[in-house]
Chemist: 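I'd like to ask some things about the structure below.
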Amino acid sequence: MINVLFFAQLKEVLHTSSMQLELSAPCTVKDLKQRLIAQQPAWQTHLETGSILCAVNQTMVDQQHTINDGDEVAFFPPVTGG
Amino acid sequence: MTTSIHIRVQTEDFDVAQEYAALREGNTQDGAIVFFTGLVREMNQGQDVTGLYLEHYPAMTEKALAGIVDQACGRWPLSRVSVIHRVGQLHISDQIVFVAVSSHHREAAFNACHFIMDFLKNQAPFWKKETTAQGDRWVQALAKDEASLEKWTDQDDQS
């Protein structure tokens, strides 16, 4: 099981702040996005924009990073704090 | 050098005088303290702003800030570092962020404070949503913020 989180405008356009998914085998961030889009085709335009960032276990990662069972995966737009 | 690091993410306001006093207290070794405060301004990206909501990723925020401060400590000799970032509902002219560093000399203090702010703006998981007369809108990240990191890739700027 992995925990998937969404933040800021991404959370709003997807109408989802978090979800849990079964993970039968490790996959990449890119694979996970494809799986989410397969489940929710309307999410494609929001998840496939190049600007969406990903953190796994609270550390920023790239598309090729491997996700393992038990990980916390977060997707969010570019940050605007400070 | 062991650095005393204080990082806080909070809804409450902070008192710069109190934070500055903490950097000075018992500090006989340092010749320089540099601090920055970020404020909510009334005009942003061409629209009148009446308020600001700051969302964050609680589990990651302090970890990201600590990572940025660690990088700064690796580049400059810093004795004390304080980073405070507010979240939740803010109003015009409210304080948003405080970054302060204490070091033997000013070059290191100026550079480290600037470095921490530049990386905070690009890597710490905070998002601003502005309230304007035209409705609420998420602040868009600016290319100039990302470009601000380029100056730190040059190793020659260390002091």
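Residue numbers begin at 1 in each chain, while the letters A, B, ... track the order of the sequences. Keep in mind that what you see is a predicted model, and the values were worked out from it rather than measured. Side-chain atoms are counted along with the backbone in the values below, which use heavy atoms only and exclude waters and symmetry mates.
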Chemist: Output yes when Glu25(B) and Arg80(B) qualify as a salt bridge under the 4.0 Å nitrogen-oxygen rule, no when they do not.
Modeler: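 Result for this pair is no, no salt bridge flagged.
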Chemist: Grouping I, L, V, M, F, W and Y whenever their side-chain heavy atoms are under 4.5 Å apart, do Val13(A) and Met19(A) come out in a common cluster?
Modeler: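 Yes, it is one cluster - the side chains of Val13(A) and Met19(A) are joined through contacts under 4.5 Å.
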Chemist: Would you mind checking which part of Lys128(B) comes under 4.5 Å of any heavy atom in chain A, side chain (CB onward), backbone (N, CA, C, O), both or neither?
Modeler: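 Backbone plus side chain of Lys128(B), per the 4.5 Å heavy-atom cut-off to chain A.
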Chemist: Under 3.5 Å, is there a donor-acceptor pair linking the side chains of His6(B) and Ser82(B)?
Modeler: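 There is no such pair between these side chains.
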Chemist: For the interface with chain A, which of Leu120(B), Val139(B), Leu54(B), Val87(B) has the highest count of heavy-atom pairs at distances below 4.5 Å?
Modeler: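 Most heavy-atom pairs within the cutoff with chain A belong to Val139(B).
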Chemist: Which atoms of Glu146(B) are under 4.5 Å from chain A, going by heavy atoms: the side chain, the backbone, both sets, or neither?
Modeler: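 Looking at Glu146(B), nothing touches chain A.
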Chemist: Side chain, backbone, both or neither: which part of Ala55(A) has a heavy atom under 4.5 Å from chain B?
Modeler: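 Side chain of Ala55(A) only, per the 4.5 Å heavy-atom cut-off to chain B.
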Chemist: So does Arg24(B) pair up with Asp30(B), basic N to acidic O under 4.0 Å?
Modeler: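 A salt bridge is absent here (no side-chain N lies under 4.0 Å from a carboxylate O).
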Chemist: State the SG-CD1 distance between Cys73(B) and Ile68(B), to the nearest 0.5 angstrom.
Modeler: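 Cys73(B) SG to Ile68(B) CD1: 12.0 Å, rounded to 0.5 Å.
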Chemist: I'd like to know which of Tyr57(B), Phe36(B), Phe126(B) tops the heavy-atom pair count under 4.5 Å against chain A.
Modeler: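 Looking at each option in turn, the highest pair count goes to Tyr57(B).
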Chemist: Give a yes or no on whether a salt bridge exists between Arg41(B) and Glu130(B), defined as a side-chain N under 4.0 angstrom from a carboxylate O.
Modeler: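 No salt bridge links Arg41(B) with Glu130(B).
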Chemist: Under 4.5 Å heavy-atom distance to chain B, tell me which part of Leu53(A) shows up: side chain, backbone, both or neither.
Modeler: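 No part of Leu53(A) comes within 4.5 Å of chain B.
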Chemist: Counting only heavy atoms closer than 4.5 Å, note whether Lys121(B) contacts chain A via side chain, backbone, both or neither.
Modeler: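 Looking at Lys121(B), backbone and side chain both touch chain A.
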Chemist: Can you tell which part of Ala124(B) gets under 4.5 Å to a heavy atom of chain A, answering side chain, backbone, both or neither?
Modeler: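 It is the backbone, since no side chain atom gets that close.
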